[in-house]
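A short worksheet on the structure shown next.
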Amino acid sequence: MPGEKPPAGTSGEETALLREEVALQKREAEARDVREARSEELKNRVSVAAIILTTALSFIGNVRSDRGDTAGSARAAAESARRQGAELWAYYQMKMSEKASLEIARDRIRLDLAARGIQREDARARLDVLKLTGYEESVRDFDTETQRVFFRVQELEVQEDVQQRAAIEPSRSAFRYELGGKLITLALILLSVTILSSKRYLLVAGVALGAIGLLVALDGYFLFF
Amino acid sequence: MRRVWRGLLVDGLVVLGILVNVGFLLINLHPERPHLARRTKARILLRASEPRIRWMRENEFAEFAVANDVEFELVGARTFEDVHQKLIEEKQHPAGLLLADVDDEHARELKDGGLVRPIADGADPASLRQTLAELIPEATARGAVDGKQWYLPKRALVNVAVYLRPAIEDAYLHWEEDRKEIDAALKEANGAGLPKDFRLHRTPDRWDSFDLFVAAWTWAHHPARWAEASRRISAESSLAPVIAPRVAWPCGDSEDAADELLNALFRHGMTEQQLGHFDAAPLLDTLQWQVLFRKHGLLPAQCEKGGMEQREVNGLFHERKLAWASIDQADSLWLHGGARRDAEPGMPGAGDLSWATLPQGASAELSRGQAARRGRSFAFEEVHLWAVPIRSPDPRLAFQVARFLSQRGLQHREAEAEGMLPVREDLRRDYPIAFRLEWMQRMLDASFRQLERGTADLPAAWVGDDWDEKYVKLRQAVVYGRPKDAQVTLAAIREAVQQATRAPPPVPEAAHDAR
């Protein structure tokens with residue numbers, strides 16, 4: 001009723017309740033602020049880690065591709081040398097079969113002279129000896145020519161061999177860069193999940209995995225292991 | 001306080017991350033592997049000539065040096081005795097010798113003298129297993145002493161016969177013109193002459209001592225159109241063929257001559273146990289044949305004057321003055337000259353060269369019309385090994401170098417360019433595919449046939465107990481110390497041997513300084 005005095009005990013309780021409520025709200029607000037601050041801090045750290053790892057990933061991708069190309073071009077050079085060598089070898093064999101036909105012709109004259117019982121010095125053998133000398137000269141020329149071809153084949157084989165070995169080191173590097181890159185990608189995925197879940201341990205796991213990835217990639221350069 | 005540390009850690013990680021990124025940026029500018037390690041100097045001792053060392057430096061060591069930051073100094077030694085001497089010096093005054101090239105003949109001696117250490121010490125077991133699995137087990141066994149891998153096989157060499165095909169053709173067609181004289185010469189030695197139904201075999205691969213004697217006789221008694229006279233192809237016949245001995249082997253008292261003598265003894269059926277038995281039939285048979293060759297002028301005059309080393313025999317062949325000789329793979333390539341572009345020019349008409357196994361030893365003495373005793377085609381195989389000197393500065397690097405050099409590509413290239421029998425299993429299996437030149441295949445065919453027909457490790461006592469010197473002195477006394485017209489019967493040879501072994505054998509003046 002208007003003018004009616006409220007009971008003294010009830011008013012004190014309400015005030016206390018109100019005060020409690022205010023204090024609770026204050027605590028909740030403080031806790032929220034702390035949570036938000038932590039979340040903010042977590043996000044900041046995730047962002048910094050992600051930026052570092054993404055930048056590194058970009059450099060690693062670049063250098064991996066360079067090493068891969070180097071290994072690839074060494075292999076291509078080896079393959080090209082092998083192909084050229086094979087072609088030259090076919091040419092060599094063709095020359096050798098031509099030489100064989102000349103050798104047969106030369107041997108025929110020799111056999112003919114032997115069958116007729118005529119020596120090379122004999123005047124009757126003049127034409128035979130002339131032909132024979134011609135064949136012998138041609139056989140010698142074929143020998144010289146095929147030898148040159150063989151030396152070229154030999155050089156190409158050396159080139160193939162050396163290039164195959166030259167591809168080994170860049171291939172090892174490329175493999176390590178590739179592995180490092182994959183580990184960093186996995187670390188970035190973990191960091192993304194960290195933002196969604198706000199779990200600190202995921203940040204630690206992501207950073208640790210990223211660090212391992214960076215070390216593996218660095219080994220791609222130094223090739224310690 | 002904790003918060004401060006945490007802040008510092010985070011800041012540190014961020015800075016580290018930035019530095020890593022800067023590092024990767026720099027790597028992008030120079031992606032090749034950096035050579036951060038200090039360049040290591042390594043001395044390698046090689047038993048090789050200067051051109052061979054040059055070839056190895058350019059084609060083998062250079063690649064390893066670039067990849068592994070090593071600066072090689074290749075030290076040459078003329079003989080394996082020199083290598084032995086240098087290893088003794090290295091033990092006393094270490095000069096950083098990383099690796100040395102030794103032969104299997106000295107393997108145990110080097111180990112017992114404490115001059116080398118096991119190559120296995122510098123290798124992890126898996127790498128060693130893998131490396132050994134790629135090599136021929138027989139060669140690997142030569143590098144093992146008392147069950148431990150002390151050495152790694154490097155290459156192998158075996159003597160075979162080299163001949164000129166036109167010369168063989170000539171002997172085959174014309175030997176019977178001299179049959180009466182040959183028979184008479186042999187009758188003087190064995191009382192019978194040539195074996196019953198003797199025919200000169202068409203291919204030297206099937207020859208025995210009689211075939212070699214008959215061919216040598218034919219060549220030494222007729223002008224040889226296929227020899228010096230055929231060095232220039234010409235329709236003119238102004239270059240007159242000459243008569244000369246056309247068979248040669250190292251003679252005199254040199255190390256080469258001793259090795260050749262031991263090969264001849266084993267071809268006539270000698271065994272290691274018979275070393276020092278001066279009444280052994282193989283010794284008498286060998287000496288009887290050598291006396292016959294000398295008596296009838298079938299060997300070059302140098303054997304009378306002071307002896308010949310293998311390089312002199314090769315030199316005569318190179319001038320196309322010989323028709324048949326024994327030779328190893330490295331010298332064969334030098335003789336032919338067509339193994340690589342920068343090789344020394346080979347002999348004129350190298351296309352006429354061919355190779356065969358060494359002739360089977362047969363006694364001049366006959367029994368029922370055939371040789372009374374038969375040996376086999378035989379030649380000692382020499383395996384060269386990589387050894388780690390006892391004071392080697394880095395046994396691990398030493399193994400890496402030896403392993404690098406034994407890989408297929410390099411060994412193939414070395415075998416093709418410098419001449420050797422590959423010690424890799426895959427190369428030995430694939431040699432008809434890997435070595436494609438027809439003449440090189442003929443040489444390798446003969447070499448591998450020789451290994452199948454008869455080969456062994458040099459008896460340790462041959463050099464160790466100085467039998468080499470004793471046998472050479474004996475040969476000099478019996479073959480060259482007697483007059484040319486001395487009796488050539490087996491009894492006369494036996495008596496000469498007994499005389500020579502009773503008293504210190506008189507060394508003919510001609511044999512001095514042959515070494």
Side-chain angles (χ1 to χ4, degrees), chain A residues 41 45 48-49 51-53 55-56 58-60 62-64 66-67 70 89 92-93 96 114 119-121 126 129-130 132-134 136-137 139-140 143 146-148 150-155 157-158 160-162 164-166 168-170 172-173 177 207 210-211 214 217-218 220-223, chain B residues 6 10-11 13-34 36 59 63-64 66-67 166 169 173 225 230 232-237 336-343 346 348-351 404 407-410 412-413 416-417 434 436-440:
Chain A
E41 189 187 61
R45 288 183 183 174
V48 171
I51 288 166
I52 289 170
L53 290 178
T55 315
S58 139
F59 286 134
I60 288 166
N62 210 27
V63 75
R64 179 185 56 80
D66 178 277
R67 294 287 80 195
T70 306
W89 188 249
Y92 175 93
Q93 283 174 317
M96 288 303 276
Q119 294 293 313
R120 283 170 78 125
E121 294 78 13
R126 224 173 254 170
V129 170
L130 198 68
L132 189 59
T133 309
E136 282 170 349
E137 279 173 351
V139 168
R140 183 197 55 199
D143 276 340
T146 48
Q147 203 166 39
R148 278 196 204 125
F150 171 70
F151 291 150
R152 183 68 193 124
V153 173
Q154 212 175 26
E155 282 162 8
E157 281 177 347
V158 168
E160 181 191 347
D161 194 27
V162 170
Q164 270 174 354
R165 275 199 295 279
I168 294 172
E169 194 176 282
R172 284 179 65 206
S173 286
Y177 286 129
V207 170
L214 289 174
L218 278 174
Y221 182 58
F222 293 106
L223 289 174
Chain B
R6 189 184 289 176
V10 170
D11 290 348
L13 282 173
V14 170
V15 170
L16 190 65
I18 292 167
L19 286 177
V20 166
N21 273 305
V22 171
F24 275 118
L25 175 66
L26 296 175
I27 288 172
N28 266 267
L29 297 176
H30 295 285
E32 293 83 23
R33 184 176 70 85
L36 301 174
N59 294 281
E63 195 182 332
F64 187 92
V66 170
E169 192 180 291
L173 292 175
R225 185 182 296 284
S230 68
R232 281 184 188 80
I233 297 168
S234 165
E236 301 298 319
S237 306
H336 190 283
R340 57 177 210 277
R341 198 188 289 281
D342 57 345
F404 175 80
Q407 60 184 292
R408 185 184 163 114
L410 289 186
H412 178 195
R413 219 189 304 167
E416 198 170 70
R436 294 180 293 186
L437 285 181
E438 193 236 350
W439 65 267
M440 212 177 270

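All chains are named by letter (A, B, ...) in the order of the sequence lines, taking the proteins before the strands, and each is independently numbered beginning at 1.
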- What part of B:Leu410 gets closer than 4.5 Å to chain A, counting heavy atoms only: side chain, backbone, both or neither?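 For B:Leu410, the contact with chain A is made by backbone and side chain together.
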For [X], is it the side chain, the backbone, both or neither that has a heavy atom under 4.5 Å from a heavy atom of chain B?
X	result
A:Val139	neither
A:Ala217	both
A:Arg126	neither
A:Glu157	side chain
A:Ser173	neither
A:Gln119	side chain

- Item | Residue list, ring-ring contact (aromatic ring centres under 6.0 Å, His included) with A:Phe222, at least two apart or on another chain |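 Partners of A:Phe222 by the ring-ring contact (aromatic ring centres under 6.0 Å, His included) criterion, ordered by chain and then number, come out as A:Phe224.
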Sequence neighbours left out, cut at 3.5 Å: what donor-acceptor pairs do the side chains of residues 20-34 of chain B make with other protein atoms?
from: B:Asn21; atom 1: OD1; to: A:Ala56; atom 2: N; distance (Å): 2.8
from: B:Asn21; atom 1: ND2; to: A:Ile52; atom 2: O; distance (Å): 3.1
from: B:Asn21; atom 1: ND2; to: B:Gly17; atom 2: O; distance (Å): 3.2
from: B:Asn28; atom 1: OD1; to: A:Asn62; atom 2: ND2; distance (Å): 2.8
from: B:Asn28; atom 1: ND2; to: A:Phe59; atom 2: O; distance (Å): 3.1
from: B:Asn28; atom 1: ND2; to: B:Phe24; atom 2: O; distance (Å): 2.9
from: B:Arg33; atom 1: NE; to: A:Glu169; atom 2: OE1; distance (Å): 3.3
from: B:Arg33; atom 1: NH2; to: B:Ala67; atom 2: O; distance (Å): 2.7

- Query: Among A:Asp143, A:Leu214, A:Val158, who wins on heavy-atom pairs under 4.5 Å with chain B?
  - Reply: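 Going by pairs under 4.5 Å, I would pick A:Val158.
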- Looking at A:Leu53, A:Thr70, A:Ile51, A:Asp66, which has the largest count of heavy-atom pairs under 4.5 Å with chain B?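 Top count of heavy-atom pairs under 4.5 Å with chain B: A:Asp66.
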- Query: If you count heavy-atom pairs under 4.5 Å with chain A, which of B:Glu438, B:His412, B:Gln407, B:Arg408 comes out on top?
  - Reply: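 It is B:Gln407.
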- Hey, does the side chain of A:Gln154 reach the backbone of B:Ala339 with a donor-acceptor pair shorter than 3.5 angstrom?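 Looks like yes, one N/O pair under 3.5 Å.
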- Message: Could you tell me if the side chain of B:Arg413 sits less than 4.5 Å from the side chain of A:Val162, heavy atoms only?
- Response: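 Result yes, sub-4.5 Å side-chain heavy-atom pair found.
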- Which heavy atom of A:Trp89 sits nearest a heavy atom of B:Arg436, and at what distance?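 For A:Trp89 and B:Arg436, the tightest heavy-atom pair comes out as CZ2-CB, 3.2 Å.
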- Least distance between heavy atoms, A:Glu155 atom then B:Arg341 atom: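 A:Glu155 and B:Arg341 have their closest heavy atoms at OE2-NE, 2.7 Å.
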- Item | Rounded distance [0.5 Å steps], CD in A:Gln147 versus CH2 in B:Trp439 |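 Answer for the CD-CH2 pair, A:Gln147 versus B:Trp439, is 8.0 Å.
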